[in-house]
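Every chain is numbered from 1, with letters handed out A, B, ... down the list of sequences.
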Amino acid sequence: MAFSNKHLRWLALILRIALGGIFIYAAWAKLRDPWELYALAINSYEVLPLWAVELVARTLPWLELVVGVGLVSGIGLRIWSAATSLLLVVFFGLMVRAFAKGMQINCGCFGGTGDIISKWTLLRDGSMLAGSLLLTWMAFPRRSQPASHGNPVPDPNPAPDRIPV
Amino acid sequence: MKPYAVALVALLPCLAASLGDVDKAKTLGNPGAPVRIELFSDFQCPGCKAFHEMLLPVIIRDYVVPGKAYIFNHEFPLTMHPYSREAANLATAAATIGKYQQVADVLFLNQVSWGTSGKVWDTVASVLTPAEQKKVQALAKDPAILAQVQQDVEAGQAQRVPQTPTIVVSRGTKRYSFPGPDQGNYPLLRSLIDGLLK
């Protein structure tokens with residue numbers, strides 16, 4: 001089934017509002033509590049020394065807030081969608097690692113009082129990552145295919161450089 | 001743990017033994033202290049043993065003895081541990097005669113032994129006089145004591161305690177759950193409590 005630009009525009013709008021909203025909520029959930037609770041969740045992954053845990057716990061929620069607002073606003077979407085994808089790749093990778101190691105820990109996705117890492121949380125974050133990667137792909141310009149012989153055949157319904165999201 | 005408990009009993013006359021009430025018997029420190037630390041623990045959980053023997057004395061030294069916080073023990077026996085509930089019932093029964101800390105100490109000290117053999121009572125009896133043994137044995141079957149333990153469990157479920165041990169620190173309306181306290185994350189717990197004390 002071929003999607004028209006209109007469908008893609010709607011899809012992109014839904015993705016950026018949904019992802020932006022989730023990031024804003026995640027940031028708020030972390031910022032409303034003392035940073036130590038989020039730090040505890042980060043520390044339970046056992047990947048960072050305590051000083052780095054504190055640094056991440058104090059700064060990451062603000063970064064999530066900025067990214068979330070950026071996504072919802074739609075201004076500079078390439079930057080925000082790429083940043084979202086990058087963050088979600090890191091989050092998802094850490095969660096997969098913890099799940100594979102059988103660690104029964106809070107994912108820390110929404111602060112200190114979140115869900116224990118499970119197939120459900122992996123599915124949730126995996127879906128977000130897929131959506132984010134799709135949004136990033138739509139936000140960046142794509143080169144049109146050059147014709148193999150002679151002059152390019154004009155396309156009666158040309159695709160734009162990128163989906164205007 | 002034991003020396004701190006003894007020191008506290010000597011320092012603070014309002015402690016467990018002198019009050020005769022289960023709630024107060026499970027309290028360490030001055031209930032007038034600004035921060036309340038609630039501990040949800042399971043006598044058969046290895047993490048709780050480590051916490052009781054290594055971190056609890058540090059918390060008592062840093063916060064309870066200086067009068068900054070007091071600790072309230074909640075029983076949270078997990079269903080995966082077959083003798084936890086019995087141990088919790090006996091410890092709660094012992095609390096009514098002011099022997100909660102002694103019973104808790106001996107249960108954690110010999111956790112592997114009674115956790116394997118199921119001889120919880122033998123372990124508890126080792127720190128009680130014959131007269132106390134009679135009382136505790138009878139009280140451990142008292143519906144009021146069983147209800148007290150169940151009340152603790154329900155309090156933990158209401159707090160959405162995800163694991164044992166879990167600490168809930170509170171001051172006024174501020175209330176935060178800190179699951180899995182250990183020596184590695186103690187700086188975070190300390191920072192959280194210090195934040196509440198400001």
Chain A contact via Pro181(B) - side chain, backbone, both or neither, heavy atoms under 4.5 Å =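 Contact with chain A involves no heavy atom of Pro181(B) at all.
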
Same cluster for [X] and [Y] if Ile/Leu/Val/Met/Phe/Trp/Tyr side chains link at under 4.5 Å?
X	Y	answer
Leu55(B)	Leu109(B)	no
Leu133(A)	Leu122(A)	yes
Leu39(B)	Phe76(B)	no
Val106(B)	Val120(B)	yes
Met80(B)	Phe40(B)	yes

Quick one: does Leu188(B)'s side chain get under 4.5 Å of Trp35(A)'s, heavy atoms only?
->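 Leu188(B) vs Trp35(A): side chains touch.
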
Taking C-beta and beyond as the side chain, do Pro179(B) and Leu40(A) meet within less than 4.5 Å on heavy atoms?
->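 Heavy-atom side-chain distance check passes, below 4.5 Å.
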
Is there any residue in [range] with a non-hydrogen atom under 4.5 Å from a non-hydrogen atom of chain B, and which ones are they?
range	result
residues 124-132 of chain A	none
residues 43-53 of chain A	Asn43(A), Leu50(A)
residues 84-102 of chain A	none

Applying side-chain hydrogen bond (donor to acceptor under 3.5 Å, both in side chains), name anything that partners Tyr25(A), two or more places apart in sequence or on another chain.
->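 side-chain hydrogen bond (donor to acceptor under 3.5 Å, both in side chains) check on Tyr25(A) returns nothing, list empty.
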
Tell me, yes or no, whether the heavy-atom count around Ile79(A) atom CD1, taken from other residues, nucleotides or ligands under 6.0 Å, exceeds 12.
->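 No, CD1 of Ile79(A) has 12 or fewer neighbouring heavy atoms, counting only those of other groups under 6.0 Å.
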
Around Gln157(B), counting heavy atoms of other residues, nucleotides and ligands shown, do more than 12 lie under 6.0 Å from its CD?
->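 Result for CD/Gln157(B): enclosed.
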
Separation between CZ of Arg175(B) and CG of Asp33(A), rounded to the nearest 0.5 Å |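 Rounded to the nearest 0.5 Å, the CZ-CG separation comes out at 13.5 Å.
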
